[in-house]
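Below, chain A is the first sequence line, B the second, and so on; all start at residue 1. All of these numbers come straight from a predicted model, not from anything done at the bench. Hydrogens, waters and symmetry mates play no part in the numbers below; they use all other heavy atoms, side chains included.
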2 protein chains.
Amino acid sequence: MTDLDLEDRYRGYLMCLNERRFPDLSEFVHNPVVHNDRTLSITEFQDLLRRDAAEIPDLHYAIERLVVQGEQVACRIRFDCTPAASFRGIPPTGRPISFVEHVFYRYRDGRIAEIWSLIDMETIREQLTPGHPDR
Amino acid sequence: MTDLDLEDRYRGYLMCLNERRFPDLSEFVHNPVVHNDRTLSITEFQDLLRRDAAEIPDLHYAIERLVVQGEQVACRIRFDCTPAASFRGIPPTGRPISFVEHVFYRYRDGRIAEIWSLIDMETIREQLTPGHPDR
């Protein structure tokens, strides 16, 4: 698989998430998959992503930077969205927030085997904290 | 410049940081450089990295994942270290901490032109908070 093929595969994965086709995730992700050093069954992984989308109904994965090499993908993803319920334990305000995720993937045989994700929780917390100067 | 050449350049940059050769940074970084959407002179950028190394004398940049494509580099960097002074506003405890940075770089003519860095501040905060269950 060339870097361009893998890039297409990865874009297909994010499209799957943006279209909320969670049952199709197994096309893109191994079972089990390792996520931030935890081994998850595909069902547990689907539940994780379903929960994010339930807490933030307009969650949309937008690529800002994408780097593909061999069986590795790295992506900076921008989210401009409005949480409707508590997200990662922080209650919503009804107002929109903007934050990024920096995430690395290791593919194996065309599907994601390992994920290392870092979300800018500090920015989320600041934007969801009443009276914070950023708001 | 091939992906392998760029990887070498990037490893040279981290070695420069690990060896505290801050005056040599201009070999690896443009002046000015854009860091998390702020435009910094090379002197301001050197001061930023000097400050990190002053607060954490044993700061060592260890590559965990490295992805190189065209003029882009993405790296997951592990830090196992012991802050000696307040780091990003959080007082030290005298005990070691472990955290990661996920960082994207855009190169231009073999030197870093733009940086998008995300540090796992949540993990740092947890490890430096007295009485936290992780400690």
(message) Strictly distance-based, threshold 3.5 Å: is any side-chain N or O of B/Ser86 a donor or acceptor partner for the main-chain N or O of B/Gly89?
(response)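 Judged by distance alone, no pair lies under 3.5 Å.
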(message) Strictly distance-based, threshold 3.5 Å: is any side-chain N or O of A/His102 a donor or acceptor partner for the main-chain N or O of B/His102?
(response)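 Here the side-chain-to-backbone pair exists.
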(request) Under 4.5 Å heavy-atom distance to chain B, tell me which part of A/Ser117 shows up: side chain, backbone, both or neither. (result)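 For A/Ser117, the backbone is the part near chain B, not the side chain.
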(request) State, with a plain yes or no, whether a side-chain heavy atom of A/Arg88 is found less than 4.5 Å away from one of A/Ile119. (result)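 A/Arg88 reaches A/Ile119 side chain to side chain.
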Return the minimal non-hydrogen interatomic distance between [X] and [Y], and the atom names on each side.
X        : Y        : result
B/Pro96  : B/Gln127 : O-OE1, 4.4 Å
B/Ile97  : B/Pro83  : CD1-CG, 3.7 Å
B/Ser98  : B/Asp80  : OG-OD1, 2.6 Å
A/Tyr105 : A/Trp116 : C-CZ3, 4.3 Å

(message) Please verify the inter-ring angle class for B/Phe104 with A/Phe104; under 30° counts as parallel, over 60° as perpendicular, anything in between as tilted.
(response)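 Ring orientation, 0 to 90° scale: parallel.
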(request) Select all residues of residues 7-42 of chain A having any heavy atom within less than 4.5 Å of some heavy atom of chain B, and report them by number, or 'none'. (result)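 Within residues 7-42 of chain A, no residue comes under 4.5 Å of chain B, counting heavy atoms only.
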(request) Write out, in numerical order, the residues from residues 50-79 of chain A with a heavy atom short of 4.5 Å from a heavy atom in chain B. (result)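 Residues of residues 50-79 of chain A touching chain B at under 4.5 Å: A/Arg65, A/Leu66, A/Val67, A/Val68, A/Gln69, A/Gln72, A/Ala74, A/Cys75, A/Arg76.
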(message) Let me check something: do B/Met121 and B/Leu128 share a hydrophobic cluster, defined by ILVMFWY side-chain heavy atoms less than 4.5 Å apart, either directly or through other members?
(response)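 The answer is yes; both residues are in one hydrophobic cluster.
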(message) Is there a salt bridge (Lys or Arg N to Asp or Glu O under 4.0 Å) between A/Arg108 and A/Glu114? Walk through the geometry before answering.
(response) CA-CA 9 Å; A/Arg108 192 176 68 240; A/Glu114 285 182 87; over 6 Å; no
